[in-house]
Amino acid sequence: MSRRRLPSLNALAAFEAAARLGRMTLAAEELSVTHGAVSKQVRNLEEILGVRLFEGPKNSLRVTDAGRTLLSNLTVGLDHIEAGVRAVADEENGALDVSCTGTFSMRWLIPRLHRFQDRYPGVEVRLSASYAPVDFARERYEIAVRLADFPLPPEVPLTTLFPEYVGPVLSPALAKRLHLKDPQDLEGAPILHTVTRRSAWHDWFDRAGWLRSSNLAGTDYEHFYYMLEAATAGLGVCIAPWQLVIDDIRAQRLLAPFGFIPSGMNYVAVQRPRQNRKAQAFCSWLAEEASRTPMPSSM
């Protein structure tokens with residue numbers, strides 16, 4: 001078997017960072033080395049390869065054609081190396097990638113995340129927003145928090161957080177003007193929708209056992225948190241999950257005139273199917289925080 005003929009991995013990483021970021025000073029910051037060290041590694045790499053990778057004056061370097069060819073392959077290769085290392089590493093500290101829906105992160109997770117950081121100061125939780133089904137084969141996150149309204153990957157560690165409860169919410173000022181006594185009074189109310197959950201009002205009427213309102217037309221919002229902000233600002237009434245408006249209800253920024261009912265779905269944390277102490281610690285903490293989250297009937 002022939003031996004691989006590769007330049008220094010440090011030299012390849014230095015060039016990749018400099019070419020990708022466009023400046024050697026930025027590459028030095030990313031790699032935690034000096035500007036001179038990056039420059040030296042790039043020069044050594046050029047000598048080994050026998051081609052110029054950068055051209056132009058020092059204060060305005062441009063990647064050459066040969067450099068662009070090398071960069072495109074290097075970035076993919078280094079990503080694969082990183083993924084391979086992450087696939088087998090089981091460290092107590094370091095970065096932990098967590099995927100959540102944007103509204104869940106903003107309304108429930110981030111306000112409580114300081115308690116995890118206090119307990120595990122060596123773990124850097126990196127949040128990303130996604131509404132897509134969990135796909136560990138294509139994504140880099142270690143944990144995905146989702147509302148389980150689609151099939152989950154088989155045989156993965158699963159932590160059930162809490163059942164979802166939903167109900168209409170609106171601002172106190174709007175509630176004072178509308179005088180809502182029963183759901184039929186919603187006929188004349190400004191209704192808010194989100195395109196990510198377009199059937200929320202119909203589902204709520206059906207589950208609550210009320211005759212469905214004939215007038216559910218209203219304003220659509222692209223994101224759930226836009227709709228919640230609109231409701232808080234008094235622009236209308238929306239269907240919201242209890243767990244995402246607890247703080248608003250407590251602070252009386254929002255009112256829930258008809259309470260909350262189960263939607264039939266659960267919030268879950270799905271963990272990549274491999275040993276990972278950081279991920280296990282985070283899921284255990286999530287379960288602990290979820291157990292501290294009161295259900296509507298106990299408020």
Under 3.5 Å, is there a donor on one side chain and an acceptor on the other for [X] and [Y]?
X      : Y      : result
Tyr267 : Glu164 : yes
Arg146 : Ser99  : yes
Thr293 : Trp242 : no
Arg43  : Ser39  : yes

Distance-only donor-acceptor pairs under 3.5 Å for side chains of residues 9-20, two or more places apart:
| from | atom 1 | to | atom 2 | distance (Å) |
| --- | --- | --- | --- | --- |
| Glu16 | OE1 | Arg20 | NE | 3.4 |
| Glu16 | OE1 | Arg20 | NH2 | 3.1 |
| Glu16 | OE2 | Arg20 | NE | 2.8 |
| Glu16 | OE2 | Thr75 | OG1 | 2.9 |
| Arg20 | NH1 | Glu30 | OE1 | 3.3 |
| Arg20 | NH2 | Glu30 | OE2 | 2.6 |

Restricting to non-hydrogen atoms, name the atom on [X] and the atom on [Y] that form the minimum distance, rounded to 0.1 Å.
X      : Y      : answer
Ser8   : Gln41  : OG-OE1, 4.4 Å
Trp204 : Gly167 : NE1-CA, 3.8 Å
Ile191 : Leu186 : CD1-O, 4.2 Å
Tyr221 : Ala230 : OH-CB, 3.4 Å

Are [X] and [Y] within salt-bridge range, i.e. N to O under 4.0 Å?
X      : Y      : answer
Asp220 : Arg198 : yes
Arg253 : Glu229 : no
Arg292 : Glu289 : yes
Arg126 : Asp97  : yes

Problem - Candidates Thr64, Leu45, Val63 - the one meeting side-chain contact (heavy atoms from CB on, under 4.5 Å) with Leu70 - result: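 So, applying the side-chain contact (heavy atoms from CB on, under 4.5 Å) to Leu70 and each of Thr64, Leu45, Val63, only Leu45 qualifies.
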
Handout entry: Ring center gap for Phe205 and His202 short of 6.0 angstrom
Key =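 Ring centres of His202 and Phe205 not closer than 6.0 Å.
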
Problem - Close side-chain approach of Thr103 and Tyr131, heavy atoms under 4.5 Å - result: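 Side-chain contact under 4.5 Å: yes.
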
Practice task
Verify, without hydrogens or angle tests, whether Asn276 (side chain) and Arg272 (backbone) share a donor-acceptor contact under 3.5 angstrom.
Solution key: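 Not a single qualifying donor-acceptor pair exists.
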
Handout entry: Parallel, tilted or perpendicular: ring planes of Tyr141 versus Phe136, cut at 30 and 60 degrees
Key =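 Perpendicular: the ring planes of Tyr141 and Phe136 meet at over 60°.
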
Exercise for the section: If the plane angle is over 60° it's perpendicular, under 30° parallel, otherwise tilted; pick one for His223 and Tyr225. Expected result: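 It falls in the parallel class, under 30°.
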
Problem - Whichever hydrophobic residues join Val76 through chains of side-chain contacts under 4.5 Å - result: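 None, because no other hydrophobic side chain comes under 4.5 Å of this residue.
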
